[in-house]
There are 4 protein chains.
Amino acid sequence: MQGASESARPAPVGRPRNSQIDEAVLCATIEVLEETGYHRFALEQVARRAGTTKPTIYRRWPTRQHLVLAALAGRLGQLPVPDTSCTICDLAECLSVFAAAFQRLPPDVLGSLLSDCADNPDLRAEFMNSLFDPPRRAVEQTLLRAIRRGDLRSDLDLDLTLDQLGSLVHYRALFRHAQTTDAEIERAVENMLCGIATDYPALVEHNRRLSAEAQAHAHHIDG
Amino acid sequence: MQGASESARPAPVGRPRNSQIDEAVLCATIEVLEETGYHRFALEQVARRAGTTKPTIYRRWPTRQHLVLAALAGRLGQLPVPDTSCTICDLAECLSVFAAAFQRLPPDVLGSLLSDCADNPDLRAEFMNSLFDPPRRAVEQTLLRAIRRGDLRSDLDLDLTLDQLGSLVHYRALFRHAQTTDAEIERAVENMLCGIATDYPALVEHNRRLSAEAQAHAHHIDG
Amino acid sequence: MQGASESARPAPVGRPRNSQIDEAVLCATIEVLEETGYHRFALEQVARRAGTTKPTIYRRWPTRQHLVLAALAGRLGQLPVPDTSCTICDLAECLSVFAAAFQRLPPDVLGSLLSDCADNPDLRAEFMNSLFDPPRRAVEQTLLRAIRRGDLRSDLDLDLTLDQLGSLVHYRALFRHAQTTDAEIERAVENMLCGIATDYPALVEHNRRLSAEAQAHAHHIDG
Amino acid sequence: MQGASESARPAPVGRPRNSQIDEAVLCATIEVLEETGYHRFALEQVARRAGTTKPTIYRRWPTRQHLVLAALAGRLGQLPVPDTSCTICDLAECLSVFAAAFQRLPPDVLGSLLSDCADNPDLRAEFMNSLFDPPRRAVEQTLLRAIRRGDLRSDLDLDLTLDQLGSLVHYRALFRHAQTTDAEIERAVENMLCGIATDYPALVEHNRRLSAEAQAHAHHIDG
DNA sequence: CGATAAGCGAGACGGTACGTCAAGTCTTATA
DNA sequence: TATAAGACTTGACGTACCGTCTCGCTTATCG
């Protein structure tokens, strides 16, 4: 029963929108973005390529940023979040899927777009919601499940850990300074889970002793 | 005899440049950047504020990007790399210094600038060299020292680890999604050094068993 | 059947141009020209004064020269060519009308504009067609009628005669070294029609004799 | 009595000017003018070609216009004014010499230069004095001699007649719409001396009659 | 079925900033 | 003190997109 729609949409009077245009424009947006980059990205080009015109585009997306955001979000789609009982696999899988998706993005887009959203809070929220959060949320859920399962320390700082894992997705997509293969992702997960120190307690002890000495030294000077 | 000319800089003939202008322009660049953001950043404004004109600016920096890069790099300056015998302190100190420096940068600049440098390899190299690499190199040296000292696993993947630590600097400067306090940096270093798993070997074992099962299952289906 | 549209103008698709802008710009052009002269003539001033912007002007006239040309040509308008049976009146009338029109032009425009058109043949042709030829053609037709009527010598060199009369229009407009009143025009026409010599045949005879002598002298020397 | 100052040149103290520079600059000016035309004429080009710099040029000629004027005037030099007892030869000779000289000038210079001088009276005077007057003065003297000799009508309007002859020099140099050969000059002189009408008195009579009729007609209407 | 309302292609419009060019002036070091 | 070199201020250039507007036309739904 669509009774729900009784109060719902504002009665579609007039000529209905041609939804093929939406698709054509989003598609053209991606193409132009890939060919010219975000700078030199001209809406007029998008319009021409999509076989339409600027006003028709502006009727659908209020700003260039909204358009690009929509196009990119569409491309990311609804990526699946794995849920096995294996913490290691789940993490690796999450990261792998998203890293692949982001590496397919045109290289200079993420940064520019983010900046262009900087002074409009709503837009920024939309950016975070559609491009930043999805991989983070997927990893977050995996981590929470692992904590509940007792696989991870319960006093975990989630945000922090998400950054340290997420850097493989966004950070590398932005700076493109290194490849992100599956092997690398596995190593990263390992790093994260078991640490990189050979003997952490020893390091802590050493650190504690130094601090004490430093303090004593300071006292000495003060006194 | 002007044997002095042996190192022979190109002989400063003609009216010398007024170095006060360099300073004034760099300074004005930062100001305008902070007030208007990178988009809306107009060279004419910079010129006016520095009490000079566009051609004079273009004589010094070939493009807007070069100018901004120079201004930001100048602001980062030569940050100190600590070197005590304590791996934990050194890492925390490095990250703290750089995180503070980057958090002082105008919010939307890093991303836009990066993108604007995308299609000019030289410019991009300069960006990486003056804004991306410094903190990474500092951390890298600290890590290498720690490996030599035997504090860290010798098979460490440096790039990967640098990302997982560097995310606190660049990644957060870019997305501004979370605070980066000293306490947080300490926690991050701890995460990195000792890992977040409660019992890593057990996780590995579990993972191995699942993989074996999956393979068996696959066989079963195939056969 | 669209047979009607066969002669049809190219179908005015898109938003039509605002013809008030054309007028305002042409008008502003004349004003700025008169106030600042052709040098110091700034398109930005014209735009501001016409209440519009540079791009809008460039959409209509491809170069500054085209614009100025159009403005001046418009001001000359379609000047009438008199046709009575009286050669004297017709000539005087022609010249008078055009001299008056050109004397109203801003003083430094004609020369500069002409020079600016020098290296673009099309532009130069347009200059000649709209500012140089009209008075000449008017006078030319008057002369041709007079020849047909038998009032003028049939072996007349038209171009030459046009220059000798036209100097009152263009030449004086350019150099502004002398007034051109109606009285003066009448005197000029008289000069042209009946000559300035008291006894032309005598002058010719004298000239012939001298030439002969000179030749003889030369012979004498040679021999 | 300024007798004292008669020897008194300004005391040649300091490094003397290198007069070769003057020549080189004037020469380079002509060359650049011929190659690029007056528009696109850049002082920096002149300086480079003359092996010197802008300030050195500005020390000698206060403006670009002064420089160009000097260069052109130098090229015209002191042209000779013929003086035989033959009015026809003298006129033709004068015009021929000057027409040749002006036709050698770069094509777009005269007009632009004239315009650029428009708003500076001194400069304009200098222009008139060095480029406009010389041929006119030569012709003027020839005409005056001819009047004294009784060859020309004594009530001659000199300015007017000078324009009608001078058009062959300046007017054609400006508009370049027609060749000026010696044959043409002879024809022009003939035109001027004996007129182009077949029967001038008849034309005058006709004109007088028409005027009378017109007046009568007007009376008729008025009354 | 014809009025109404929106969608649409086309392109004009007012803006803003761009990066470039040349003018004419100045400030050095050198001759 | 003139010169060579080149930095400097000034101001206009012509171009490129922006995001909005105004047309004439098409395509729906509603009265």
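Given the structure is predicted, the values throughout are model-derived calculations rather than measurements. Numbers restart at 1 for each chain; the letters A, B, ... are given by sequence-line order, proteins then strands.
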Are [X] and [N] close enough that a side-chain N or O sits under 4.0 Å from OP1 or OP2?
X	N	value
D:Thr53	F:dA5	no
A:Arg48	E:dG11	no
B:Arg17	F:dG6	no
A:Thr56	E:dC8	no

Report summary line: Only one of A:Gln65, A:Arg124, A:Arg64 passes side chain to side chain donor-acceptor pair (under 3.5 Å) with A:Asp116, and that residue is A:Gln65
Query raised in the report: When you check every protein heavy atom under 4.0 Å of nucleotides 20-27 of chain F, what one-letter string (B, S, -) results, 5' to 3'?
Result: BBBS--BB
Query raised in the report: Which nucleotide in the set F:dT9, E:dG14, E:dG9 lies at the smallest distance from any side-chain heavy atom of B:Arg59?
Result: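 Per side-chain heavy atoms of B:Arg59, the pick is F:dT9.
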Query - Of the listed nucleotides F:dC8, F:dA4, F:dC18, the one nearest the side chain of B:Asn18 - result: F:dC8
Requested in this report: Look at atom CD of C:Gln20 and say whether more than 12 heavy atoms of other residues, nucleotides or ligands are closer to it than 6.0 Å.
Outcome: no
Query raised in the report: Quick one: on DNA chain F, does A:Gln65 or C:Phe41 contact a more 5' nucleotide (nearest heavy atom)?
Result: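 Going by which nucleotide is closer to the 5' end, it is C:Phe41.
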Query - Value in whole Å for how far the P atom of E:dC8 lies from CD1 of A:Ile57 - result: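 These atoms are roughly 11 Å apart.
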Query - Atom pair distance, as rounded to whole Å: CG in C:Asn120 and C1' in F:dG14 - result: 16 Å
**Report entry** Sugar-phosphate, base or nothing in reach of B:Thr52, heavy atoms under 4.0 Å
**Finding:**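 Sugar-phosphate contact only - B:Thr52 comes under 4.0 Å of backbone atoms but never of a base.
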Query raised in the report: By a strict heavy-atom criterion of less than 4.0 Å, which residues belonging to residues 19-37 of chain C are in contact with DNA chain F?
Result: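 Contacting residues: none.
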